[in-house]
Amino acid sequence: MAVTDVGGARAVQRVDNDIDADTQLDLLRVMLRIRCFEERAEALFLAGELPGFIHLSIGQEACAAGACLALRRDDYITSTHRGHGHCLAKCAPAERMMAELFAKATGSCKGKGGSMHIADFSVGMLGANGIVGGGANLAVGAAIAARLRQTDQVALCFFGDGAANRGTVHEASNLAAVWKLPVIFFCENNRYASTTAAGAALSIENVADRAAGYGMPGVIVDGNDALAVHRVVREWAAHARSGGGPVLIEAKTYRMRGHYVGDPQLYRATDEVEAQRARDPIDRLAATLAGAGLLDLARLERLRAEVAEEIEAAVRFARESPLPSPEDALADLYVNPIERMP
Amino acid sequence: MAVTDVGGARAVQRVDNDIDADTQLDLLRVMLRIRCFEERAEALFLAGELPGFIHLSIGQEACAAGACLALRRDDYITSTHRGHGHCLAKCAPAERMMAELFAKATGSCKGKGGSMHIADFSVGMLGANGIVGGGANLAVGAAIAARLRQTDQVALCFFGDGAANRGTVHEASNLAAVWKLPVIFFCENNRYASTTAAGAALSIENVADRAAGYGMPGVIVDGNDALAVHRVVREWAAHARSGGGPVLIEAKTYRMRGHYVGDPQLYRATDEVEAQRARDPIDRLAATLAGAGLLDLARLERLRAEVAEEIEAAVRFARESPLPSPEDALADLYVNPIERMP
Amino acid sequence: MPEMTFTEATLAAMREEMRRDPLVFVIGEDMASQGGVFGQFKGLAEEFGAGRVLDTPISETSIVGAAVGAALCGARPVADMHFADFVACAMDEIVNQAAKARYMFGGQCSVPMVLRMPDGAINSAAAQHSQSVEAWMLHTPGVKLVAPSNPYDAKGLLKSAIRDDDPVLYYEHKALFKTRGEVPGEEYVVPMGQAALRHVGSDVTIVSYSLMVQRCLEAADELAADGIEADVVDLRSLRPLDWEAIATSVRKTHRVVVAHEACRTGGVGAEIAAQIGEELFDDLDAPVLRVGARDVPIPFSPPLERFVLPGPADVAAAVRRLM
Amino acid sequence: MPEMTFTEATLAAMREEMRRDPLVFVIGEDMASQGGVFGQFKGLAEEFGAGRVLDTPISETSIVGAAVGAALCGARPVADMHFADFVACAMDEIVNQAAKARYMFGGQCSVPMVLRMPDGAINSAAAQHSQSVEAWMLHTPGVKLVAPSNPYDAKGLLKSAIRDDDPVLYYEHKALFKTRGEVPGEEYVVPMGQAALRHVGSDVTIVSYSLMVQRCLEAADELAADGIEADVVDLRSLRPLDWEAIATSVRKTHRVVVAHEACRTGGVGAEIAAQIGEELFDDLDAPVLRVGARDVPIPFSPPLERFVLPGPADVAAAVRRLM
Ligand SMILES: Cc1ncc(C[n+]2csc(CCOP(=O)(O)OP(=O)(O)O)c2C)c(N)n1
Ligand SMILES: Cc1ncc(C[n+]2csc(CCOP(=O)(O)OP(=O)(O)O)c2C)c(N)n1
Ligand SMILES: [Mg+2]
Ligand SMILES: [Mg+2]
């Protein structure tokens, strides 16, 4: 875990290892849920059961889990086109999410959104976003709303290495910094933006190095180490919560699957992907927990089985749910509907 | 003249004082032209002779003159809503500019643009811009065109401290840096964006400190010192011209007039403005030149008189020029006109 | 009834709504010391403090995007776009976020925000500071559009817009700010979707909104002098649209001119003309004519600007072509 | 004549024009390894090198803004917007820069650029990846709009667009990319502003463009089976607009349906219907009807998406209402 310069002053990274055992196991469980949900979704998509297209976060589960479990339920997150993990980690029920991927009326978005617009406002998950970089200003707004209501909620904005080059991220970063808003800009640098290697699009090595330009702490963390991510987010969320202002956290991770399911991935060598298997965030946390005596094989298998059953139930629920009726397309546009479309 | 960190490495500022006497006098002449042009425009506007609204760069002449005289005629500049100085410094004829302010058919833009869209493509002045931050990507494009044609032209983008917070500047900076384009981002930090003090909108003290986030050299220069500005731009233009990539130069200056002519300026104390008179860039250069034996009072008066005569002639030309005829409004939209507006 | 300017009327609406609901806040550029670029927010920072009148950097995507985010979390932002032209710098935040959030998330959330947009041409402000671009948003399902023509409506519609739970785009013509009119001291709202008949006649229907209503009224007076009596329908809001008001008048007059300041092609007038043509075909005795700016950017020079912008004479001429 | 796909046809146009003129270059996302998100630029990087096929970061204002800047300096960029929806992220660069530069600078410069925009709904891509938003630009003087419906036109119009000295917005429906058609091996251009009559009949005029032309042709076949013969006018470009082609057909048939995939309200159909209503009033035997998507964002779920999008049956139904 590296730390970058903060406007001259050094951001001190307090390294504490006090993540309690329950939380450590929760992190593992959430990561397993994400992995299982997405592997299932991938298979279902390839089998032609899911319409639309799908972006998987397999390999990046430590980011979603580590970050979201460091937040409160009433904290906000904004997400990206790759949002299943964020949504699950914020404790959204898997059934409604799966039903959404199935385009069913029981889906989180009643079948109107699909994978790319997965959202669960009841847990503060303000939505995946089909516009890269679209979530940054939404998070700033969430933080403004919290301040206005005088709550101590924070807003965490997930974004990618590719999104870092959008102007929205710049404007949001500057604004959050000027107003010392409780925003955590959390960049999942998974080394690619679609077909483009981060290095070919980012003018610097580390996204976190841009933090100094906003007078914001910039932190780099191993994005495949759930405990490390968790510690960093917990610390900076507390900092933001107590009025310390925003932070930019860059999690170095890797996208193990294609940009979307079906991506021929001509832009990278299979070797490169294979080499990353050694960094698998789930295996890694499991090993750590085992080493600490918190997990044995039996328990891991039990966990896997529980998660598999949850996701299988979600698939059953989704499959058995009805499709929306065509006229439902006209609902949900306005709170106060307009009788005649003008 | 300070220098900021450049991606770890220090941008070495070669201080050379080899500005030849002619150039030094040219700098003074250009600054006097700008001052005279704008004081005249201000008076004419207040007298009700000019329509629209007008933004003056009085106090910032060293930026325009210092920067533009360090460029070649075939280099490009993009400008802002405060563009008279940039245009004059790039050697546009004052008559057509003044005629444009008068909304006359003989104006640089045939009366279609006015002060806020002053432009002279014949000298590489790609236009003032009513959209704050709108010029940054245009400059990137100009540099791309130069590279495509394999010329060694550079593009200089003038922008303000306020514009620095727009996403366009971020996107342009990153792109220019990734592609090592010959772009000079030249920020005139005149301490205000309309009514907003730079400090209230910028999350950091120096715009130049953002350069590091793009892996670009960031340079701070006294924007009221024409020789200093000239040296810095000359140096970095040469650097860009020879393939060294972009630079971010921040010129610390001060807007002596209101944001626009007529601005009640409730946001700053008269004292503050008065205190800045001591930094007047014209007086300063005149004193330096006098100290170096390049200027005496007689020569200064002659210069002033010549410039006044040029601007007076421009006013005469503008006054005597015809207004466009109403139907001219339909010309100049397309190169290949459309017979029937669809 | 007290007289006040359009600006004062919007200020009264802001004050009343901000007092009523602590979740209403203002976000935009040049709020604190100038009270907005046209003084239309003057005094709000003093009364409600910097916590509710947020003075932003020049970051349009943040102004609109943060308003959307805050609205999604239950606050009620009134964002200001400085000039309606700059909406192009935050278009995504309006059309892809504000307009779609509720729908694409299946009704989980709402976006109770108002975006105020001073629009229209005034004083040779030229191509990038003179536009009327409401038509872009009429083609964007998910937002509502309001365009008052006078101080009374300015206040009443702004209050409705702030109370509405959907995103409302509030178009206020820059040339209206200083106009005066009667505005009740007591509390009232003007509901969106109710047009007002500003001039009554049975020869022709003139449909308009915003400043152009004033131009149409001048035309109506001029026409009346020639014995041509016009209904002038002030739409007040474009979505919801008061179709009944239009239809009732057209069924009476059988002749229609639709007028707006925005350029003619692809403007709101096209939609209204098309709807009338579709639904009231048999009631029409003559083609529906449209009056709008010529299809060029707004030029700087006064004779050019005058030539491009539509005025009372253009409305009157269109009416005469129908007679 | 050789058959090729729409994608191949645009690629042929790109290759021919890039060989002809070294100042033509490509700028957009995912160009190098993928050849554009739909493969519509495949092979260009290999043939012309990274100096002429520029693979950008996710920076839409730079893609369009740099294209404008390069065009102002004499280059001829073909910029790609990935999905037409993202145009909202670079709206200012189109409407306030590209569209206005030549005009507001009094004709000193020109902006010879093409902006390619894959639009339309396909495969449940949902609200932010399915839009048809050409109407925004029809209301923006200073840009030209092209919307081919088949491979032949795709090539010929793209070549015209690249050679044109004004900014041209090139709308290519995503569902067209894989469609096949005859495309000459030799060099040709399709001039902008010339509509094509795709089906001939004297009972009704159906005006359309882009993919929707194919839907209209299906409708025309269905109607023909019932003895209703339709003229199907494929506009090919929306600005310039081939008014004569529309008028000629309407004077023959006296009945009109205008159809597009974009949502109905405020769409291009409104403008065309309004023009027909204005200028061909006496030729009309029935109201001009419009077919378009319902006024909601495009939903994800297939039954919803199908319900919202207009199809051949909607066109045929509209025609039947006129008979
Ligand atoms: C504004 C915008 N531009 C382009 C796209 C197309 N697009 C979708 S995902 C993507 C790559 C995003 O990269 P990154 O931000 O690194 O996120 P990742 O896919 O790696 O999770 C692109 C270019 C988009 N959806 N929105
Ligand atoms: C995109 C956009 N937002 C807002 C404005 C309104 N505006 C015009 S000038 C200005 C201040 C610009 O400040 P700065 O960039 O520092 O330039 P300066 O005026 O100091 O020269 C503002 C807010 C605008 N023209 N364009
Ligand atoms: Mg990425
Ligand atoms: Mg400034």
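Below, all heavy atoms of this structure are taken into account, side chains as well, without hydrogens, waters or symmetry copies. Every chain is numbered from 1, with letters handed out A, B, ... down the list of sequences.
Ring pair B:Tyr214/B:His170: centre-to-centre distance below 6.0 Å. Remark: aromatic rings of B:Phe159 and B:Phe186 are distant, center separation not under 6.0 Å.
Contact count versus chain B (heavy atoms, under 4.5 Å) is highest, among A:Asn174, A:Leu202, A:Val169, A:Val207, for A:Asn174.
Contacts between B:Ala200 and chain A at a heavy-atom distance below 4.5 Å involve the backbone alone (N, CA, C, O). For A:Ala176, no part lies under 4.5 angstrom from a heavy atom of chain B.
One distance of note links NE2 of A:His117 with OG of A:Ser79; it measures 11.5 Å at 0.5 Å rounding.
Looking at A:Asp263, its side chain does come within 3.5 Å of a backbone N or O of A:His259 through a donor-acceptor pair.
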